[in-house]
Protein chains: 2
Amino acid sequence: MSQPVHKHDVFQAIADPTRREVLKLLSEKDLPISEITSHFPMSRTAIAKHLRILSEAELVSGQKKGREKIYRLHPEPLIELRRFYEQFWSNKLSILKYMVENEEEK
Amino acid sequence: MSQPVHKHDVFQAIADPTRREVLKLLSEKDLPISEITSHFPMSRTAIAKHLRILSEAELVSGQKKGREKIYRLHPEPLIELRRFYEQFWSNKLSILKYMVENEEEK
DNA sequence: TTGACATGAAACCAAATGGTTTTATATACT
DNA sequence: AGTATATAAAACCATTTGGTTTCATGTCAA
C-alpha cells in the first residue's frame, strides 16, 4: 500500500544538465518560469516540464503570484547526494590517500 | 570539432538505482560480472550494459582474467558530484544545522 | 577434444525522456 | 470590454533507456 510519493528522485532530477542549470539559477534568486526560460535555448513548455520533475524531487517549489508562478530552490534533498558520495569518499583524507596509493600505476 | 569523449557522464551514470548498487558492491571488492549479477533480479546481459555505462563514465574498469572479466571501482569521477553538491551546501556546518533543525520531524 | 562456463554482441521491445506545437485559462492593463 | 501576458494542459514525436532472448566466441577442466 505504500504510496509512490515521488515519481522522480534526486538522482534522476539532477541527471539532466538543463535541470542542473536551473537549480544553479534558482540558487541565486527566486524566478518565474518565463525568466528561467530566457536562459535556455528551448521552449517555456520544456522548462515547465523540467520544473515539474525538480518539483517532484522536492528540489523546487512554485508559488503563484498574480499571473506568474515564482519558483524557489529547496536544496535539502541534495543531502542525499552527499550521503551517497561519502559512501565512497568519506573525507578529504581518504581522497588524498587514494591518490597517493595509485600514483605509480598511472 | 570537440569530440564527445564520454557518452555518459557521472550524473547520468548514478541516476539508475541498479548502477548505484553496483558501485556499492564494487566498493567492497573487485568482482566479475556473473558475481555482480547474482545480487540482482535481472539478466547478466542487463548488468553488462549497466557496467558499460559505468565504464563510459569512468567509474569502473574491467580487466580480463582468464575467462572472467573483473570489474573494479574508480570513485574519482564522483568528486564532480561533490563539487555540484557544494554549490548549494558549501560547508558541513550548514548541513549539521539543517539536520539538527529537522531532527524531530523524523 | 569435448563440454561446461563466462562473456560479448545483436536484434528486439515497451516505456520513459526531452522536446515540440496547439489550445485553453487566468490575470493584468488600458 | 478587450487585449496582452503568464502559465497550464494535451497531443504528438523521435530518441534513449532498461530490459529481454538468442547466438557466437573464448577459456578452463576432465
Side-chain angles (χ1 to χ4, degrees), chain A residues 3-26 29-73 77, chain B residues 3-26 29-73 77:
Chain A
Q3 309 168 43
V5 183
H6 311 305
K7 190 184 170 196
H8 291 94
D9 65 11
V10 178
F11 294 98
Q12 282 177 270
I14 65 160
D16 184 89
T18 299
R19 288 196 289 271
R20 291 197 299 274
E21 267 297 306
V22 169
L23 292 179
K24 185 77 188 299
L25 266 178
L26 290 178
K29 188 158 170 283
D30 296 356
L31 291 173
I33 301 187
S34 50
E35 189 123 357
I36 297 173
T37 303
S38 71
H39 290 78
F40 297 92
M42 66 187 70
S43 70
R44 180 190 49 74
T45 313
I47 295 296
K49 283 190 182 180
H50 282 307
L51 285 168
R52 192 143 86 91
I53 289 170
L54 289 171
S55 178
E56 283 168 359
E58 300 195 325
L59 283 164
V60 305
S61 67
Q63 180 167 1
K64 284 207 67 176
K65 188 99 176 185
R67 57 184 159 181
E68 290 186 329
K69 191 167 179 182
I70 312 292
Y71 276 87
R72 165 169 299 184
L73 175 70
Chain B
Q3 307 169 43
V5 183
H6 310 307
K7 190 182 169 196
H8 290 94
D9 64 11
V10 179
F11 295 98
Q12 281 177 268
I14 65 160
D16 184 88
T18 300
R19 287 195 292 269
R20 291 197 297 275
E21 267 299 305
V22 169
L23 292 179
K24 184 79 189 298
L25 266 177
L26 290 178
K29 188 158 170 285
D30 296 355
L31 291 173
I33 300 188
S34 50
E35 188 123 356
I36 297 174
T37 304
S38 71
H39 289 77
F40 297 92
M42 66 186 69
S43 70
R44 178 191 50 75
T45 315
I47 295 296
K49 283 189 183 181
H50 282 307
L51 285 168
R52 192 143 84 92
I53 290 170
L54 290 171
S55 177
E56 283 169 359
E58 299 194 324
L59 282 164
V60 306
S61 67
Q63 178 166 2
K64 284 207 68 176
K65 188 98 176 182
R67 55 183 161 182
E68 291 186 329
K69 189 166 181 183
I70 311 293
Y71 276 87
R72 166 170 299 184
L73 175 70

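Labels below follow one simple rule: chain letters A, B, ... track the order of the sequence lines, proteins then strands, and each chain is numbered from 1. Predicted model only: the values in this text are computed from it and were never measured.
The distance between atom NZ of Lys64(B) and atom P of dT25(D), rounded to the nearest whole Å, is 14 Å. Going from atom CZ of Arg67(B) over to atom P of dA29(D) covers 6 Å, rounded to whole Å. Following rounding to the nearest Å, Asp16(A) (CG) and dT17(C) (C1') show an atom-to-atom distance of 9 Å. Atom pair Glu56(A):CD and dG18(C):P shows a separation of 12 Å (rounding to whole Å applied). We find that CD of Glu68(B) is positioned 11 Å from C1' of dT27(D), with the value rounded to whole Å. Rounded to an integer number of Å, the gap from Leu51(A) CG to dT7(D) P is 10 Å. Rounded to whole Å, the distance from CD on Gln63(B) to P on dA6(C) is 18 Å.
For the pair Asp9(B) and Arg20(A), the salt-bridge criterion is met [side-chain N within less than 4.0 Å of a carboxylate O].
Nearest nucleotide to the side chain of Ala46(B), out of dG19(D), dA10(C), dG19(C): dG19(D). Here the nucleotide nearest the side chain of Thr18(A), chosen from dT7(C), dG19(D), dG19(C), is dG19(C).
Residue contacts shown for Arg52(B) are absent, as no nucleic acid heavy atom lies under 4.0 Å away.
A donor-acceptor contact under 3.5 Å is formed by the side chain of Arg44(B) with the base of dG8(C).
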